Number of protein chains: 2
Amino acid sequence: MLSTTEENYLKALLQLTMEDGLKPEAGTNELATHLGVKPATANDMLKKLREKKLIHYEKYGKSSLTTQGRKLAIDVVRKHRLWETFLYEKLGFSWDEVHEVAEQLEHIQSQKLIDSIDRLLHYPTYDPHGDVIPTASGEMKMPYRKTLLEEEVGHTCKMVGVKDNSATFLRYVDQLGLSMHNHIRILAHQPYDNILEIEVNGKKASVGQRFAENIIIVCDDCERKPAPKKRRKN
Amino acid sequence: MLSTTEENYLKALLQLTMEDGLKPEAGTNELATHLGVKPATANDMLKKLREKKLIHYEKYGKSSLTTQGRKLAIDVVRKHRLWETFLYEKLGFSWDEVHEVAEQLEHIQSQKLIDSIDRLLHYPTYDPHGDVIPTASGEMKMPYRKTLLEEEVGHTCKMVGVKDNSATFLRYVDQLGLSMHNHIRILAHQPYDNILEIEVNGKKASVGQRFAENIIIVCDDCERKPAPKKRRKN
DNA sequence: CTCATTTGTTAGATTAGCCTAACTTTTATA
DNA sequence: TATAAAAGTTAGGCTAATCTAACAAATGAG
Ligand SMILES: [Mn+2]
Ligand SMILES: [Mn+2]
Ligand SMILES: [Mn+2]
Ligand SMILES: [Mn+2]
């Protein structure tokens with residue numbers, strides 16, 4: 001049985017090693033910063049997790065999850081996102097409130113509990129921030145993610161997720177009148193300071209780079225990539 | 001903010017000091033046994049809780065909750081019982097499964113969460129074991145409790161609660177075909193070894209003292225106590 | 001009232017998780 | 001390529017929660 005702290009380290013490592021560029025390893029300081037602890041602290045834990053065969057790590061090297069560690073990390077993420085969905089769907093929490101409480105609930109140890117929550121929610125596949133909920137068997141599809149910042153001027157796109165789950169950011173999104181699955185038109189993009197002019201629900205707004213790179217979208221106007229051919233078994 | 005451990009000590013103290021005889025204090029060893037720790041450990045915590053003004057305690061004396069401590073303890077009990085009710089009512093857990101998970105959930109820190117669970121359940125007043133759920137304002141009525149062991153031969157009574165919440169005991173109750181609000185007739189009581197012959201749902205059974213003193217009942221045949229006269233304010 | 005038993009306390013040790021300060025290795029830049 | 005900056009490690013210390021072993025106080029049975 002893992003401690004809450006150990007679970008948090010595994011989850012952090014998963015998040016860092018599959019973020020954006022899919023870089024497969026994370027450094028000690030990076031991990032420490034992400035978790036809000038000092039590098040010395042993270043270093044101790046890395047040694048402990050290596051002992052338990054949950055991560056690959058060697059002195060002065062970067063770290064990554066073993067198959068075992070990855071399985072456990074994905075399970076924590078699954079619980080986190082199911083709880084967020086529960087809070088949002090069943091208890092009327094707003095999307096900027098769910099994360100903090102889910103940080104606590106994700107560590108409750110009861111397979112039956114999480115299975116029941118999953119059933120109660122009819123096996124959801126996305127959480128309130130548009131993140132994929134891993135399946136009970138540990139599969140987590142990594143969806144194609146493009147941010148608002150990368151969208152072309154003149155195009156229209158649909159918001160399908162956010163990358164920053166902080167209450168501050170999420171409330172700013174709400175304040176702009178923007179919600180999940182709304183359509184956004186890019187009116188202009190000042191390359192000099194990366195300011196975007198956008199239109200949402202008929203209202204115009206200017207947003208900065210920081211904002212734009214935290215909104216995940218799918219383009220309405222871009223070429224559809226042909227659906228990947230399904231490989232037949234054998 | 002209290003730690004999970006501190007909350008557990010306060011809850012234990014509440015439980016010990018309002019059990020049965022309403023004895024108002026608990027000893028160090030008693031508390032330690034209840035929590036499954038050594039007396040030395042409990043002793044340290046008693047000193048810490050006294051520092052925090054949550055309990056009355058002095059060297060070689062018994063302990064009890066202060067008003068502050070009692071308020072906090074009742075809040076933990078409230079959360080515990082609301083979670084048990086949630087698991088039972090909304091997720092289909094059986095009454096012998098809820099306690100263990102509620103032991104974890106009772107420590108989640110979020111007022112909004114527990115308020116929402118309370119609302120979702122339509123403000124229940126009893127948990128699945130027949131225990132009173134304290135109100136949000138911290139009132140916990142101590143209902144009149146008589147056990148099956150105390151019932152007279154020939155009388156019929158109704159099961160309204162259990163005193164032992166262990167899965168082992170609860171499954172034994174299930175096994176006898178007995179559930180909450182069922183009626184029980186006392187056919188015989190062997191005073192020598194305290195064995196009771198009872199009839200439940202048309203089926204006869206023999207039960208021992210240990211069992212009988214853990215079933216809480218109200219008598220169908222006993223004199224109703226006159227409702228206590230309501231005192232007018234002033 | 002006495003002394004054996006029960007109850008409670010203290011001292012000292014351990015483990016997990018965290019820190020600071022000092023050190024070492026790696027890396028990137030001049 | 002030398003060296004300064006960044007990244008990572010180690011040593012030593014702290015707190016919370018636990019333990020064991022030894023000790024002290026309270027109690028109660030004769
Ligand atoms: Mn979250
Ligand atoms: Mn967490
Ligand atoms: Mn319970
Ligand atoms: Mn508890």
Side-chain angles (χ1 to χ4, degrees), chain A residues 1-13 15-17 19 21 23-65 69 72-73 76 103-104 106-109, chain B residues 1-13 16-17 19 21 23-65 69 72-73 76 103-104 106-107 109:
Chain A
M1 188 98 321
L2 296 179
S3 70
T4 289
T5 308
E6 289 169 324
E7 288 192 341
N8 283 338
Y9 275 86
L10 293 182
K11 191 176 69 148
L13 206 41
Q15 242 124 51
L16 289 173
T17 58
E19 123 186 317
K23 84 189 139 74
E25 307 176 303
T28 305
N29 289 5
E30 196 184 354
L31 190 57
T33 306
H34 188 85
L35 287 163
V37 298
K38 298 293 164 184
T41 305
N43 187 263
D44 283 350
M45 184 58 86
L46 290 175
K47 287 189 274 188
K48 183 167 36 147
L49 292 173
R50 177 184 47 193
E51 276 320 292
K52 297 195 174 186
K53 305 266 166 83
L54 299 176
I55 66 168
H56 301 294
Y57 161 73
E58 49 195 304
K59 219 175 161 178
Y60 296 110
K62 309 276 182 188
S63 309
S64 62
L65 294 163
L72 293 169
V76 177
E103 277 299 305
Q104 298 179 61
E106 72 188 3
H107 303 292
I108 301 287
Q109 302 291 322
Chain B
M1 189 96 323
L2 297 180
S3 69
T4 289
T5 308
E6 289 169 324
E7 289 193 340
N8 284 338
Y9 276 86
L10 292 183
K11 191 175 67 146
L13 206 42
L16 290 174
T17 58
E19 121 186 321
K23 83 188 140 71
E25 307 176 303
T28 305
N29 289 5
E30 196 183 353
L31 191 58
T33 307
H34 188 84
L35 287 162
V37 299
K38 298 294 167 187
T41 307
N43 187 262
D44 283 349
M45 184 58 86
L46 289 176
K47 287 189 275 187
K48 188 177 15 157
L49 293 174
R50 177 185 47 193
E51 276 320 292
K52 297 195 174 187
K53 305 265 167 86
L54 299 175
I55 67 169
H56 301 294
Y57 160 74
E58 49 195 305
K59 218 174 163 181
Y60 295 110
K62 309 277 182 187
S63 309
S64 62
L65 294 163
L72 293 169
V76 177
E103 277 298 306
Q104 298 179 60
E106 72 188 4
H107 303 292
Q109 302 291 324

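Sequence lines set the chain letters: A, B, ... in the order given, protein chains first and strands last, and positions in each chain run from 1. All figures in this text were calculated on a predicted structure; none of them were measured in a lab.
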Can you tell me how far apart [atom1] ([X]) and [atom2] ([Y]) are? Round to the nearest 0.5 Å.
X      : Y       : atom1 : atom2 : result
L35(B) : T5(B)   : CG    : OG1   : 9.5 Å
E25(A) : L13(A)  : CD    : CG    : 10.0 Å
H56(A) : S64(A)  : NE2   : OG    : 5.0 Å
Y9(A)  : I55(A)  : OH    : CD1   : 10.5 Å
M1(B)  : Q109(B) : CE    : CD    : 4.5 Å
K59(B) : T28(B)  : NZ    : OG1   : 12.5 Å

Can you list, in residue-number order, the parts of residues 47-64 of chain A that come under 4.0 Å of DNA chain C, counting heavy atoms only? K48(A), Y60(A)
Got a sec? Which of residues 4-11 of chain B come in under 4.0 Å of DNA chain D, heavy atoms? T5(B), Y9(B)
It should be established whether N43(B) places a side-chain nitrogen or oxygen under 4.0 Å from OP1 or OP2 of nucleotide dG8(C). no
Partners of K62(A) by salt bridge (charged side-chain N to carboxylate O under 4.0 Å, His left out), sequence neighbours excluded? none
Holding to salt bridge (charged side-chain N to carboxylate O under 4.0 Å, His left out), I want the full list of residues that pass it with E30(B), two or more places apart in sequence or in another chain. K23(B)
L2(B) side chain reached by L10(B) side chain, heavy atoms, under 4.5 Å: yes
How about L46(B) and L31(B): do any of their side-chain heavy atoms sit closer than 4.5 Å? yes
Starting at CG of L46(A) and ending at P of dA16(C), how long is that distance when rounded to a whole Å? 16 Å
Report all interatomic pairs (protein N or O, nucleotide N or O of nucleotides 19-22 of chain C) with separations under 3.5 Å.
unit_1: dC19(C); atom_1: OP2; unit_2: K38(A); atom_2: N; d: 2.9
unit_1: dC19(C); atom_1: OP2; unit_2: T41(A); atom_2: OG1; d: 2.6

I'd like to check the side chain to side chain donor-acceptor pair (under 3.5 Å) partners of H107(A); sequence neighbours left out, ordered by chain and number. E7(A), N8(A)
With sequence neighbours excluded, give me every salt bridge (charged side-chain N to carboxylate O under 4.0 Å, His left out) pair touching residues 47-56 of chain A. E6(A)-K48(A), E6(A)-K52(A)
On DNA chain D, reading 5' to 3', which nucleotide is the first and which the last to sit with an atom under 4.0 Å from a heavy atom of chain A, could you check? dA7(D) to dT10(D)
Please tabulate, for the side chains in residues 36-44 of chain B, all donor-acceptor contacts under 3.5 angstrom to protein atoms that are two or more places apart in sequence or on a different chain.
unit_1: N43(B); atom_1: ND2; unit_2: Y57(B); atom_2: OH; d: 3.3

